[in-house]
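Counting begins at 1 with the first residue of the sequence. Since this is a predicted model, take the numbers as computed values, not measurements.
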Amino acid sequence: MCVIGPQMQFFIFFYSKSLSDEENLKLFGKCNNPNGHGHNYKVVVTVRGEIDPTSGMVINLTDLKEYMQEAIMEPLDHKNLDKDVAYFADVVSTTENVAVYIWENLQKRLPAGALYKVKVYETDQNIVVYKGEETTLEK
């Protein structure tokens with residue numbers, strides 16, 4: 001069993017339309033802005049599996065980077081998640097929910113059981129690790 005984890009960076013905004021301006025300010029603090037507040041997120045995706053004896057790889061890194069481009073960069077980079085990404089129309093765009101979104105998008109593209117972990121860095125100190133175990137979002 002081998003584990004690999006390339007990374008990508010993207011930029012998004014914070015604001016929950018289901019909360020009042022006062023509630024948003026209290027909950028998100030300086031990250032709150034009804035016109036959008038951006039973050040530069042870093043994402044590390046970890047996959048695992050047996051090393052293929054022919055290729056010597058768990059997964060072709062070119063393929064993995066393409067899957068990450070499709071699942072992370074294309075839908076999220078330089079977007080206001082609440083306005084531009086349908087998933088976040090009813091889901092608050094917290095870092096936790098961003099990690100779940102990435103997990104769900106990547107899992108559709110990767111071989112079954114290959115996705116091990118999604119780590120989203122909001123800052124160097126604020127990090128969410130999501131492994132998908134029995135976690136569901138209620139809408």
Side-chain angles (χ1 to χ4, degrees):
M1 179 73 60
C2 187
V3 178
I4 58 173
Q7 67 181 14
M8 289 188 163
Q9 292 184 321
F10 63 95
F11 176 83
I12 66 171
F13 301 93
F14 266 155
Y15 188 78
S16 174
K17 64 184 177 186
S18 66
L19 301 174
S20 69
D21 288 344
E22 286 181 4
E23 291 170 318
N24 269 291
L25 182 60
K26 184 177 179 181
L27 184 61
F28 298 118
K30 70 179 184 175
C31 294
N32 164 65
N33 185 335
N35 298 315
H37 170 86
H39 283 282
N40 286 313
Y41 286 85
K42 179 173 77 171
V43 178
V44 178
V45 172
T46 305
V47 296
R48 65 180 174 181
E50 298 300 320
I51 298 172
D52 181 276
T54 304
S55 69
M57 297 182 277
V58 172
I59 189 170
N60 184 310
L61 285 177
T62 301
D63 292 342
L64 180 55
K65 288 177 183 178
E66 182 178 319
Y67 300 148
M68 291 173 69
Q69 180 70 27
E70 294 169 359
I72 301 168
M73 299 305 289
E74 290 174 13
L76 301 179
D77 191 31
H78 286 84
K79 302 287 174 56
N80 181 325
L81 296 187
D82 300 328
K83 295 180 181 178
D84 300 331
V85 181
Y87 180 90
F88 293 102
D90 298 315
V91 175
V92 181
S93 57
T94 60
T95 308
E96 294 87 341
N97 286 329
V98 169
V100 171
Y101 174 85
I102 291 169
W103 175 277
E104 291 174 357
N105 263 0
L106 278 171
Q107 200 168 33
K108 296 173 194 173
R109 292 165 170 82
L110 291 168
L115 185 56
Y116 176 66
K117 177 172 53 177
V118 170
K119 186 184 276 191
V120 181
Y121 291 78
E122 180 178 331
T123 67
D124 289 338
Q125 290 78 36
N126 297 336
I127 303 164
V128 171
V129 176
Y130 185 72
K131 293 183 177 180
E133 293 116 345
E134 300 178 23
T135 304
T136 56
L137 291 176
E138 294 184 22
K139 297 180 182 177

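Side chains of Leu81 and Leu76 form a contact here, defined as non-hydrogen atoms less than 4.5 Å apart. Contact of the Ser55 side chain with the Asn60 side chain is not registered, since no non-hydrogen atoms from C-beta on lie closer than 4.5 Å. By the 4.5 Å heavy-atom criterion applied to side chains, Phe88 and Val98 are counted as neighbours. Residues Lys119 and Thr46 are not in side-chain contact: their nearest non-hydrogen atoms beyond the backbone lie 4.5 Å or more apart. Contact annotation: the side chain of Tyr67 never approaches that of Val45 to less than 4.5 Å [non-hydrogen atoms, C-beta and beyond]. Taking the side chain as every heavy atom from C-beta outward, Val85 and Tyr101 approach each other to under 4.5 Å. Counting only heavy atoms from C-beta outward, the side chains of Ile72 and Tyr41 never approach each other to under 4.5 Å.
By the rule that hydrophobic residues join a cluster once side-chain heavy atoms approach within less than 4.5 Å of another member, Leu106 and Val128 end up as members of separate clusters. Follow the hydrophobic side-chain contacts under 4.5 Å out from Val120 and you reach Leu110 in the same cluster.
Here the CD1 atom belonging to Ile59 is positioned 10.5 Å from the OG1 atom belonging to Thr62, to the nearest 0.5 angstrom. Separating the CD atom in Glu66 from the CG atom in Leu64 is a distance of 10.5 Å, to the nearest 0.5 Å. Note that CD of Glu23 and NZ of Lys26 are 8.5 Å apart. Values are rounded to the nearest 0.5 Å. Note that the CG atom of Leu115 and the NZ atom of Lys108 stand 12.5 Å from one another [nearest 0.5 Å].
Val58 approaches Arg48 most closely through the heavy-atom pair CG1-C, 3.7 Å. Smallest separation of non-hydrogen atoms from Thr95 and Glu122: OG1-OE1, 2.6 Å. Nearest heavy-atom pair, Asn105 versus Pro75, reported as atom, atom and distance to 0.1 Å: ND2-CG, 4.1 Å.
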Pair Glu104-Val100, side-chain contact (heavy atoms from CB on, under 4.5 Å): steps then yes or no = CA-CA 6 Å; Glu104 291 174 357; Val100 171; 3.5 Å; yes

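Every residue meeting the salt bridge (Lys or Arg N to Asp or Glu O under 4.0 Å) condition with Glu70, not counting sequence neighbours, appears here in chain and number order: Arg109.
Between Trp103 and Tyr130, the ring planes lie perpendicular to each other; the angle is over 60°, past the 30° to 60° tilted range.
Lys79 places no side-chain N or O within donor-acceptor distance of the main-chain N or O of Met73, the cut-off being under 3.5 Å.
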